[in-house]
Trainee: 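Have a look at the structure that comes next, please.
Not measured: the values here are computed from a predicted model. For the numbers below, each heavy atom of this structure counts, side chains included, while hydrogens, waters and symmetry mates do not.
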Amino acid sequence: MSARSKIRVFVVEDHAATAKALKSFLVGAGYSVHLASDINSALDLAPKIAFDVLVCDLSLPDGTGWELMARLRQLAPVRGIAFSAFDEPAHLARSKEAGFVEHIVKGAAAT
């Protein structure tokens, strides 16, 4: 896959080991990856990079992934995946309402 055709993933995850593992997995699968660790750094980086999909933790040190999605969507359309330990139906519904196309629960067994 050429660098030009790589899908560009923007990962926002505050847990350093999780971010590193996710980036390593995605790069190994052929994706281009940018990382941010909180809302402020994500908002600073987002206008400077082009990305196809956002993978975002919902519990960030300076707010929620839902808040970040709302702010990013004010700048441009965003296709996003919520990546969170939150698995209650209300959290899944809130992710959908925020515009995330998928809500993946961290540590969930594959089905």
Trainee: Using atom types as modelled, flag every donor-acceptor pair under 3.5 Å from a side chain in residues 18-25 to any protein atom, sequence neighbours excluded.
Mentor:
residue	atom	partner	partner atom	Å
Thr18	OG1	His15	ND1	2.8

Trainee: Is Val11 reachable from Phe100 through a run of I, L, V, M, F, W or Y residues, each pair having side-chain heavy atoms under 4.5 Å apart?
Mentor: no
Trainee: State plainly whether one hydrophobic cluster holds both Leu35 and Val27, where clusters connect Ile, Leu, Val, Met, Phe, Trp and Tyr through side-chain heavy atoms under 4.5 angstrom apart.
Mentor: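 Cluster IDs for Leu35 and Val27 match.
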Trainee: Would you mind listing every side chain to side chain donor-acceptor pair (under 3.5 Å) that reaches into residues 42-52, with sequence neighbours excluded?
Mentor: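 Passing the test, one end in residues 42-52: Arg8-Asp52, Asp44-Lys48.
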Trainee: Can you name the one residue among Leu58, Val53, Leu60 that meets side chain to side chain contact (heavy atoms under 4.5 Å, CB included) with Cys56?
Mentor: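 Of all the options given, the one that passes is Leu60.
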Trainee: Any side chain to side chain donor-acceptor pair (under 3.5 Å) pairs touching residues 88-101, not counting sequence neighbours?
Mentor: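 Output for this query lists Trp66-Ser95, Glu88-His91, Ser95-His103.
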Trainee: Does Leu54 share a hydrophobic cluster with Ile7, counting links as ILVMFWY side-chain heavy atoms below 4.5 Å and allowing steps through other members?
Mentor: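 Different clusters: Leu54 never reaches Ile7 through Ile, Leu, Val, Met, Phe, Trp or Tyr contacts under 4.5 Å.
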Trainee: What is the distance from atom CG of Asn40 to atom CG of Leu45, rounded to the nearest 0.5 Å?
Mentor: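 Those atoms lie 12.5 Å apart.
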Trainee: Mind listing the side-chain donor-acceptor pairs of residues 73-87 below 3.5 Å, one per line with the distance, residues two or more places apart or on another chain?
Mentor:
residue	atom	partner	partner atom	Å
Arg73	NH1	Ala98	O	2.9
Ser84	OG	Phe86	N	2.9

Trainee: Val101 and Leu68: same hydrophobic cluster, using ILVMFWY side-chain contacts below 4.5 Å?
Mentor: no
Trainee: Going by ring pair (Phe, Tyr, Trp, His ring centres under 6.0 Å), name the residues that satisfy it together with Phe10, two or more places apart in sequence or in a different chain.
Mentor: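 Partners of Phe10 by the ring pair (Phe, Tyr, Trp, His ring centres under 6.0 Å) criterion, ordered by chain and then number, come out as Phe51.
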Trainee: Tell me every residue that passes side-chain contact (heavy atoms from CB on, under 4.5 Å) with Pro61, counting only those two or more places apart in sequence or in another chain.
Mentor: Asp14, Asp38
Trainee: Grouping I, L, V, M, F, W and Y whenever their side-chain heavy atoms are under 4.5 Å apart, do Leu72 and Ile39 come out in a common cluster?
Mentor: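 Same cluster.
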Trainee: Given side-chain contact (heavy atoms from CB on, under 4.5 Å), test Glu67 with Asp62 step by step and report yes or no.
Mentor: CA-CA 10 Å; Glu67 293 167 338; Asp62 54 352; over 6 Å; no
